[in-house]
*Asks:* 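Sharing a structure here in structure tokens format.
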Amino acid sequence: MTDNRERAMDRPRSPDLQVYRPTLTMTMSIAHRTTGAALYLGMVLFVWWLVAAAAGPAAYAVEQRFMRSLPGLIILFGFTWAALHHTLGGVRHLIWDTGLAHDYPWREYLARATLFGSLSLTGILWIIGYLT
Amino acid sequence: MKSFLPLNWGLPGGSRIAAGKVFGTAEPGARLRMFQVYRFDPDNTGGPRLDTYYVNRDDCGPMVLDALIKIKNEIDPTLTFRRSCREGICGSCAMSIDGRNWLACTQPIDDIPGAVRIFPLNHFPVVKDLVVDLNHALAQHRLIEPWLKTETPAPEKERLQTPEDHAKLDGYYECILCFCCTGGCPSYWWNGDRYLGPAVLLQAYRWLIDSRDEATGERLDRLEDPFRLFRCHTIMNCTKTCPKKLQPAKAIAMTKAMLVERQH
Amino acid sequence: MSISRTPLARARGLGSAKSGTADFWRQRVTSVLGLPLIAGAILVIVSNIGADYRSAIECLRRPAVAILLLLTILNFCVHMRIGMQIIIEDYIHNETAKALLLIANTGFVAAAGVAGALALVKIAAVG
């Protein structure tokens, strides 16, 4: 018995992500988590904007200079997509939470809708923002 | 893309998979299929390896289990795996086949393009070759007390259930405990010591909604835990990899809904 | 993993915390309420891209905008805290590191929330 138990401690773990074939819902789940974490950090930018505006013209100018630079614009673009993707992913989760759309093919449609929806909405938003 | 990570990425030393032996060659003419199978021998000092076998498809049954049995009978008698009913009802031959978990006996070889890669159920401790240690998962099953619990004295005949109430169990009672879903669940990979996993939670739900059971609240108490139940993030691997076409993710969602219902 | 414990003892562990539903529900409440809030907040942010200091202040001090952004910050601070807590619990298995990160999480969210809210109140009151 002791022998078996000692052996149990040495047992190898069979591989998981190293062999699991990626699925769309798993990928969207990873994306939901990644965008959520990114938005968590992105909250700093939003608060920076508000605090800079409250602090006065000088602080506001510094913030604006950064946000209009190329890195700033890339971050803002990413932030927009992350916000929209996480929002649509949240809607998908709310639907699944009620027990709906667990069947094939609806669960796949939902996962696809999250991705295409967030990409196209981001595009539309930035085109409108660029034109106006 | 075959997988998110390369084969040995992040695996601890003792779990890393070495290139193994190759049995036979791909001779032209015969309809040969290549099988790459995970091997681990606890009686040897070496770690896991991936062995390659060639099986003549014209001389082999249609399912992956047929090929495994043929390999064991004709090529390499040391190959070890669980199997029993060979018709998808016992749940013994659950394993990772071509990147998802399925029963080898209901997985047609011809549905898989290219080499057939076979591993033990993901992330479980390996006893030998394709046989994993299910002790913890089965103890978790024991934890949810998967039997009818009543205090009212038993009636003279059987406990009655209307057809409608029985129909509510459809899609939940058919689970054969093969643990394909639990093996495919990332939340179980990261927190399987505390998270109960989809198979056990589906079983738990099956008893939560049984009209004859008198311990519903007690069962919910046992499940209401940030790790036991709420580690489920609806990744959906469980539902997709269920060889019985059940929906563990839905069972878990409905369990969470029951907990919300009793709170508000 | 202690080898001196039976599988059932290890599976039962410390028992059920009998909690988790409140956070689960709160996460859903803040996600539903977050839908109109994020839509409104994105409109405000986009309409202020490239705005000079004066016009940004004029926009932010309007009561409707101030209320919207205040609610947005409070709503998502609650949502963020739960979300990050789940991520930490998922991946961090060292109890000390986990405790420190959970404290840092609460600190970060509180700091961001209070700073943002105070800025909005100041703009609305003083300009």
Side-chain angles (χ1 to χ4, degrees), chain A residues 1-2 4-11 32-37 39-61 63-64 67-68 72-73 76-77 79-80 83-84 86-94 97-98 121-122 125-126 128-130 132, chain C residues 1-5 7 24 27-28 30-32 34-35 37-39 41-43 45-54 56-57 59-61 69-70 72-73 76-77 79-81 83-84 86-87 90-91 105 108-109 111-127:
Chain A
M1 195 64 201
T2 319
N4 283 339
R5 282 190 173 175
E6 272 165 15
R7 187 161 290 161
M9 299 289 287
D10 301 330
R11 278 177 186 154
H32 194 68
R33 171 150 293 187
T34 313
T35 51
L39 291 165
Y40 183 93
L41 299 174
M43 190 58 141
V44 172
L45 285 185
F46 183 55
V47 168
W48 183 22
W49 177 53
L50 295 176
V51 169
Y60 189 76
E63 191 267 351
Q64 284 294 298
M67 289 317 294
R68 282 187 223 178
L73 284 172
L76 198 61
F77 185 83
F79 186 80
T80 326
L84 289 166
H86 197 79
T87 303
L88 293 180
V91 172
R92 184 188 49 153
H93 274 295
L94 288 170
D97 286 340
T98 64
L121 277 176
T122 309
L125 206 66
W126 273 70
I128 293 173
Y130 183 76
T132 53
Chain C
M1 198 203 299
S2 162
I3 52 164
S4 63
R5 306 206 78 194
F24 171 82
Q27 197 70 338
R28 268 66 192 170
T30 49
S31 64
V32 171
L35 290 175
L37 291 173
I38 193 72
I42 284 181
L43 276 180
I45 293 172
V46 167
S47 66
N48 274 292
I49 289 177
D52 61 36
Y53 174 70
R54 221 38 271 167
I57 291 291
C59 171
L60 290 175
R61 68 182 309 181
L69 294 188
L70 207 52
T72 305
I73 286 183
F76 286 116
C77 277
H79 191 82
M80 278 163 48
R81 177 169 178 267
M84 187 52 76
I86 292 170
I87 295 180
D90 268 4
Y91 301 127
N105 179 36
F108 174 88
V109 169
V114 169
L118 204 64
L120 280 166
V121 169
K122 196 243 172 190
I123 294 167
V126 189

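Keep in mind that what you see is a predicted model, and the values were worked out from it rather than measured. Letters A, B, ... mirror the listed sequences (proteins, then strands); counts begin at 1.
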*Asks:* Measuring from Leu39(A):CG to Met80(C):CE, what's the distance to the nearest 0.5 Å?
*Replies:* 9.0 Å
*Asks:* Given a strict heavy-atom distance threshold of 4.5 Å, which part of Ile128(A) is in contact with chain C: side chain, backbone, both, or neither?
*Replies:* neither
*Asks:* Quick check on Asp90(C) against chain A: is it the side chain, the backbone, both or neither that has a heavy atom closer than 4.5 Å?
*Replies:* side chain
*Asks:* Angle between ring planes, His86(A) versus His79(C), binned at 30° and 60°: parallel, tilted or perpendicular?
*Replies:*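 The rings of His86(A) and His79(C) stand perpendicular, inter-plane angle above 60°.
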*Asks:* Side chains of Tyr40(A) and Val109(C), heavy atoms from C-beta outward: is any pair under 4.5 Å?
*Replies:*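 With C-beta onward as the side chain, the pair touches.
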*Asks:* Please report the interatomic distance CE(Met43(A)) to CZ(Phe108(C)), rounded to the nearest 0.5 Å.
*Replies:*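 Separation between the atoms: 8.5 Å.
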*Asks:* Where does Trp48(A) contact chain C at under 4.5 Å (heavy atoms): side chain, backbone, both or neither?
*Replies:* neither
*Asks:* Hey, could you give me the CG/CG distance between Leu43(C) and Leu125(A), rounded to the nearest 0.5 Å?
*Replies:*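 Here the rounded value is 8.0 Å.
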*Asks:* What's the spacing between Leu50(A) CG and Leu118(C) CG if we round to 0.5 Å?
*Replies:* 11.0 Å
*Asks:* Looking only at heavy atoms and a cut-off of under 4.5 Å, which of Ile42(C), Leu35(C), Ile57(C), Ile73(C) has the most pairs with chain A?
*Replies:*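 The answer is Ile73(C).
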*Asks:* Heavy-atom pairs under 4.5 Å with chain A: which of Ala51(C), Ser47(C), Ala56(C) has the most?
*Replies:*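 Ranked by contacts with chain A, first place is Ala51(C).
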*Asks:* Which heavy atom of Ala53(A) sits nearest to which heavy atom of Ile123(C), and what is that distance?
*Replies:*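 Heavy atoms only, the tightest pair is CB-CD1, 3.9 Å.
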*Asks:* Can you confirm whether Met67(A) sits close enough to Ile49(C) that some side-chain heavy atom of one is under 4.5 Å from a side-chain heavy atom of the other?
*Replies:* no
*Asks:* Mind listing the closest non-hydrogen atom pair of Asn48(C) and Trp49(A) along with its distance?
*Replies:*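 Where Asn48(C) meets Trp49(A) most closely, the heavy atoms are CB-CZ2, 3.6 Å.
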*Asks:* Among Gly90(A), Gly56(A), Ala37(A), Pro57(A), single out the residue with the greatest number of heavy-atom pairs under 4.5 Å to chain C.
*Replies:* Pro57(A)
*Asks:* Is chain C contacted by the side chain of Arg33(A), its backbone, both, or neither, given a heavy-atom distance below 4.5 Å?
*Replies:*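 For Arg33(A), backbone and side chain are both near chain C.
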*Asks:* Please report the interatomic distance CG(Leu76(A)) to CD1(Ile45(C)), rounded to the nearest 0.5 Å.
*Replies:*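 CD1 of Ile45(C) is found 7.5 Å from CG of Leu76(A).
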*Asks:* Can you tell me if Arg68(A) uses its side chain to pair, donor with acceptor, with the backbone of Gly50(C) under 3.5 Å?
*Replies:* yes
*Asks:* Can you name the nearest heavy-atom pair linking Gly116(C) to Val47(A), along with the distance?
*Replies:*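 Closest pair (atom of Gly116(C), atom of Val47(A), distance): N-CG1, 3.8 Å.
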